[in-house]
Structure formats: structure tokens, C-alpha cells
Amino acid sequence: MTRTFLLWVLWSFITVLVAGTAMARLYVAGDRTVLLPGQTAGVHHQIEIACDTCHTSSPFASVGKVRKDLNKTCVECHKDELKAANDSHPIKKFKNPRKAAYWEKVDARFCTTCHEEHRPEVTLAGMVTLPGDYCVACHSEGEQDVRVDRPSHAGLSFDTCATAGCHNFHDNKALYEDFLVKNAGQEWLAENPTHALAATRRQPRSGNAPDPTALKPLILAPISGRSEELVSRWAASGHATGEVGCAACHAPEAKTLAEAETNWLNRPAEEVCASCHKAERKSFSIGRHGMRRHPDTAKPRTVQKALKGFGWKDPPETLVAMFETLLQDPAPPATMTTDEARVALHGDAVGRELTCNTCHDPHAQNLAEAAVGACLSCHDDGHSRAYKSSPHFALWEQELAGSLQPGQGVTCATCHMPKEETSKGIVTNHNQNDTLRPNEKMIRPVCMECHGLAFAIDALADPDLIANNFTGKPVRHIESIDWAVNRVNQPGTGANQ
């Protein structure tokens, strides 16, 4: 037996071992992060070890089936956002056979045509992985040529379509032509700039207020060994005003004071907060801070389930046990931590878990701190650092001092976590990314509460003004409204107005 033969045997054994281990991790169980084809983009890095969240196809599915299933998960996660945006380019529009000519250019039937994951080298803002002139594929010839009936567009290149204040592929609620014309000519600042929903006192949710007579002992009676300082802070909070007492959070199942003492929880789980604040919890779970709570995040695979997927309906327990010893799917951490952030943070913010209590003191319930202080205690980008020297912060200080009415100050939360009116009352949108990208999404629910449309478009298109937190006025002008007014007559009423 020659040395060369032994080396070939060794090489074959190692190759089979490595390939087998990779295949086992890929299709049975185990940490698959080493198999990632490239860095995960945007917020998806929070769930990258839960591959089955996006990749739902069976192991040997066809390429067409894999593509279809993958895009289905995109739509399932983002369908509410697309519906709220009144999607300008819904998938159903491109499934029409009359659009077949465009499928070879930009196949908009599939999200992954424009948003391809694990391609950091070509990923642009909004996780777009096509060149910036992708609009040319459909809007440069025939009836769709935008230059035919829009002389204003004649000299423009197609890589300027998505310039701030012009067009977005999905969300044009603040940019479509009729809306631009209807809101032309507005003053840059409203006569009485006020965020109406922020000024409105939140109404108690039906069913949340306990019976004061029956639960008064739980609300007011001293709990032995508890901090008087905490009780004093609670007494000045909105929880106390709403008769939500100590036991409501620390012993939620208790009916008597004795039961509260016996079943006391020093650190109530986040689910206790969510039992009352359902809307906030839902929006938190789809934003960057709380995405790990998203209900559609895949759970770790089990060996037995994986083997059944291969057609082995009743695998031996000894084999399952052996695989489980060697291969275990890592469970995604329950919460996001600041260590994993991909944005600039203060050094002393490292190591924080992002939970309700990260921003909210459950006893003092200081919403003013949650709206500004909590944000600035973590974020250290230029926009955040400039806030306290901005006109918006000056307005906020005046509101806190009582010289301005509620809703006239502007906080971090005013723009990034605006209040919304729902069938259950006024709630705060805890998806802090909802109005962030593209930033024109902020115009209707936030900017136009105080500013005219033209000013808002110009301001959000000025990167320097954004960086200094809107200290000053825009130095550039976006001509969207001018062009729209010149092209059409003033509309009456129409969709989305």
C-alpha cells in the first residue's frame, strides 16, 4: 500500500466528513452561519441564524419553487406596510400576461428581483440590489416613456428617479401628482404648528381599568419589604392615575393581597407589559429594536422533524439522540442587544438589551424621558447629537416649561415613533423605522402637521439639513410640485387625498 494511496484515502475521508457535516447542518440541524453566502443586509442580521424564516422550501425543491416560497415570505412580513403605503407597484399588477414583455427586463413579480439578500457588495439604500437606473426598464419606451408627456423629464437621467422628493417604487403617498398639486402653495410653517394626536390625551382602553373598590387594597396597601421610593414614583405616574397598581404587574394573577405577596415577581416579563399595551408590542416587534419578537421568526429545527422531512417517518430514537448530541440548531436570542447594532452608539450604551424597560421606567412612567432621553442615551450619530441644539429641541423645552401647548414641541419620538389613531384609541407606533426609509414616508404623518408640503420635501432632500437636525432651511429645491402644477389642473377630490 503506497503513501500516495493512503493520502488519497485520507483526502477522500476528510472530504466526505466535511461535506457530510455541511449537509447535515444545512438540511438536519446545526449552526448554519458558516454557510452564509454573504453578509445579511439591514435588520435581517437579527434573524440570520433562523434561516427557515425566509427559506421555507423542502430540501430538494426546484429552483422555481424555492424562488416562489422565498418571495412569499417577503410579502407575508411586509404586507401590512405595503398595504398602508397603497403600493404603487403591487405584484399583482405585473402578473398580468400583458406585462410579460417586462419580465425579461425587471421581473417585478418577485421581490428578490430588486432586493437580493446576502449581496452586500451591491446593496444600496432600502436594500435595493439593482443599479439605480432600474426605472429605465419600463419607463423609457412606448406608452410608458415618461418623457413623452412630461417635458420636465426630458433631460433627466434614469438614475435620478428615486432622488428624494421625486419617486419611490412602493410608497408615493406624499409624492403622487394629485397630492402635490392639491398641497401646492402652502406656507413653510403652519399658523398653529401642532401635532394633533400628541396633544390629545390618551383615552383609557376599555376593559383595562380595574374596579377601584375591589382592587383598592392591591393598589394602595403597602407591600412589605418594597421600596417606599418606588411606591412614591409610581404614585405620580400614569399607571397610578389609571389605577394600575403594583400587583397588576408584579402579581398579575393575584386576587387578594395575600396572593400578591405569595406570587410576587421582582422582574415581570415583557409579556406583562404586552397584556395591556398590545398595539405597542405589535409595532415594536416589526421594528429594528424588537424584531426578534416577530411572530413569524422560525423556531429552531428538531432532528426528528428534519428526518421526517426526508421521508423517514419513524426514525430510531438512538439515531435521533445521536444527531441531537452532534447537531443542535442555535436558538435566536430573545432580544436585540446594543452590541449587535450597525449604527453609531455611545460607548457606555454597549451591552443593553432592548426591552420595554430599556426606554420606559415602569414605575415613574416618564414619557418625556422615553421620547428623548432614552434615544440619546444610545444613539451617537450626527443627527442625534445635533438635536439638543436644534429648533425642534427648543420647542420641546418650551412645551415642558408650559409656554407652549401640548403637541407643539418636537421630540425624537414625534418624528420616528408618531402617535396613530386606531379603533381602540391613540397609540404610539413603536416601529421606529416606519417613517425612516424612504424618508418621504414621514411627510404626511409627521412633517405636514407643522410644515407645508414643498418645505417638507425640500428639507428631507437636504442631507446636510438632516445631519444638523433641521437647524436652518433647505438650500436646495425639489421641483416636483412645480412640474406637477404646470402639467395638470387643480384636482377636486381623489384617492388618498
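We count residues from 1, following the sequence as given.
- Taken to the nearest 0.5 Å, the CE atom of M23 stands 5.0 Å off from the OH atom of Y27.
- Taking 4.5 Å as the limit, some side-chain heavy atom of P391 sits within range of a side-chain heavy atom of T471.
- In this structure, K173 does not pair ionically with D171, as no charged nitrogen and carboxylate oxygen lie closer than 4.0 Å.
- A donor-acceptor pair is defined here as one N or O able to donate and one able to accept, closer than 3.5 Å; no such pair exists between the side chain of K388 and the backbone of R385.
- Taking the six-membered ring where the residue is Trp, F393 and Y387 present perpendicular rings, their angle passing 60° and hence far from 30°.
- Without hydrogens or angle criteria, E270 side chain to C356 main chain gives a donor-acceptor distance under 3.5 Å.
- For A269, the side chain to side chain contact (heavy atoms under 4.5 Å, CB included) partners two or more places apart in sequence, or in a different chain, are E271.
- Side-chain contact annotation: E440 with N172, donor-acceptor N/O pair under 3.5 Å absent.
- Stacking of R109 on the aromatic ring of W103 is recorded, both the 6.0 Å distance cut-off and the 45° axial limit being met.
- For the atom pair CE (M127) and NE2 (H44), the distance works out to 5.5 Å, reported to the nearest 0.5 Å.
- Below 30°, between 30° and 60°, or above 60°: for W188 and H451 the angle between ring planes is below 30°, a parallel geometry.
- In this structure, T335 and R293 have side chains that are in contact, with non-hydrogen atoms separated by less than 4.5 Å.
- Between atom CG of residue D380 and atom SG of residue C378 there is a gap of 10.5 Å, rounded to the nearest 0.5 Å.
- At a threshold of 4.5 Å between non-hydrogen side-chain atoms, the residues R301 and R32 count as touching.
- With hydrogens and angles ignored, the 3.5 Å screen pairs no side-chain donor or acceptor of D133 with any backbone N or O of V136.
- Judged by distance alone, with hydrogens and angles left aside, the side-chain atoms of T338 form a donor-acceptor pair with the main-chain N or O of G351 at under 3.5 Å.
- Scanning all heavy atoms of the two residues, the minimum distance from Q39 to E117 falls at O-OE1, 4.0 Å.
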Using distance only, find each side-chain donor-acceptor pair of residues 89-99 under 3.5 Å and give its atom names and separation, not counting sequence neighbours.
residue : atom : partner : partner atom : Å
H89     : ND1  : F169    : O            : 2.5
K93     : NZ   : S88     : O            : 3.0
N96     : OD1  : R98     : N            : 2.9

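- Taking CG from L436 and CE from M417, the interatomic distance works out to 12.5 Å, rounded to the nearest 0.5 Å.
- Between the side chains of D107 and T113, no donor-acceptor pair of N or O atoms lies under 3.5 Å.
- Using modelled atom types, one finds a donor on one side chain and an acceptor on the other under 3.5 Å when comparing T337 with E340.
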Please step through side-chain contact (heavy atoms from CB on, under 4.5 Å) for the pair L180 and I457, ending with a clear verdict. CA-CA 10 Å; L180 296 176; I457 291 175; 3.9 Å; yes
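- Side chain of N168 to backbone of H170: no donor-acceptor contact under 3.5 angstrom is found.
- Taking each heavy atom of P474 and L465 in turn, the nearest pair found is N-CD2, 3.7 Å.
- Defined by atom type and a distance below 3.5 Å, a donor-acceptor pair is missing between the side-chain atoms of T355 and N357.
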Given side-chain contact (heavy atoms from CB on, under 4.5 Å), test F455 with K473 step by step and report yes or no. CA-CA 8 Å; F455 178 86; K473 290 186 177 183; 4.1 Å; yes
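- Closest approach of K105 to A137, counting heavy atoms only: CD-O, 3.2 Å.
- Taking all atoms of both residues into account, the shortest heavy-atom contact from V106 to Y134 is CG2-O, 4.2 Å.
- Looking only at side-chain heavy atoms (C-beta outward), P445 and T435 come within less than 4.5 Å of each other.
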Do R352 and S377 pass the side-chain contact (heavy atoms from CB on, under 4.5 Å) test, and can you show the C-alpha distance, the side-chain angles, and the key distance before you say yes or no? CA-CA 11 Å; R352 296 180 188 175; S377 70; 3.1 Å; yes
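- Side-chain contact between H477 and D482 is present, with at least one heavy-atom pair separated by less than 4.5 Å.
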Please determine whether side-chain contact (heavy atoms from CB on, under 4.5 Å) holds for the pair N468 and S390, giving the CA-CA distance in whole Å, both sets of side-chain angles, and the decisive distance to 0.1 Å. CA-CA 8 Å; N468 69 28; S390 72; over 6 Å; no
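- Between R476 and D458 there is no salt bridge, since none of the side-chain N atoms of the basic residue sits less than 4.0 Å from a carboxylate O of the acidic one.
- Although no hydrogens or angles enter the test, the distance criterion places no donor-acceptor pair under 3.5 Å between the side chain of T428 and the main chain of K419.
- Between T56 and D52, the closest heavy-atom pair is CG2-O, 3.4 Å.
- Heavy-atom neighbours of K441 NZ from other residues, nucleotides or ligands within 6.0 Å: above the threshold of 12.
- Remark: side-chain polar atoms of H294 are paired, donor with acceptor, to backbone N or O of D296 under 3.5 angstrom.
- Residues L460 and N439 approach most closely at O-ND2, 3.0 Å, considering heavy atoms.
- With hydrogens and angles disregarded, a donor-acceptor distance shorter than 3.5 Å links the side chain of N71 to the backbone of C111.
- The structure places CZ of F110 at 13.5 Å from CD of E116, a figure rounded to the nearest 0.5 Å.
- Put simply, the side chain of E399 never gets that close to the backbone of L404: no donor and acceptor are under 3.5 Å apart.
- Contact of the D434 side chain with the S283 side chain is not registered, since no non-hydrogen atoms from C-beta on lie closer than 4.5 Å.
- In this structure, D381 and V343 have side chains that are not in contact, with every pair of non-hydrogen atoms separated by 4.5 Å or more.
- No side-chain donor-acceptor contact under 3.5 Å links T411 to the backbone of V372.
- Looking at F179 and I481, their side chains never come closer than 4.5 Å, going by heavy atoms from C-beta outward.
- Side-chain contact of T40 with E48: a donor-acceptor pair under 3.5 Å is present, judged by distance alone.
- The CE atom of M336 sits 12.0 Å away from atom CD1 of I47, with the distance rounded to the nearest 0.5 Å.
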Please assess E121 against R119 for the test salt bridge (Lys or Arg N to Asp or Glu O under 4.0 Å), listing each intermediate value before the final yes or no. CA-CA 6 Å; E121 70 279 5; R119 297 285 308 282; 2.8 Å; yes
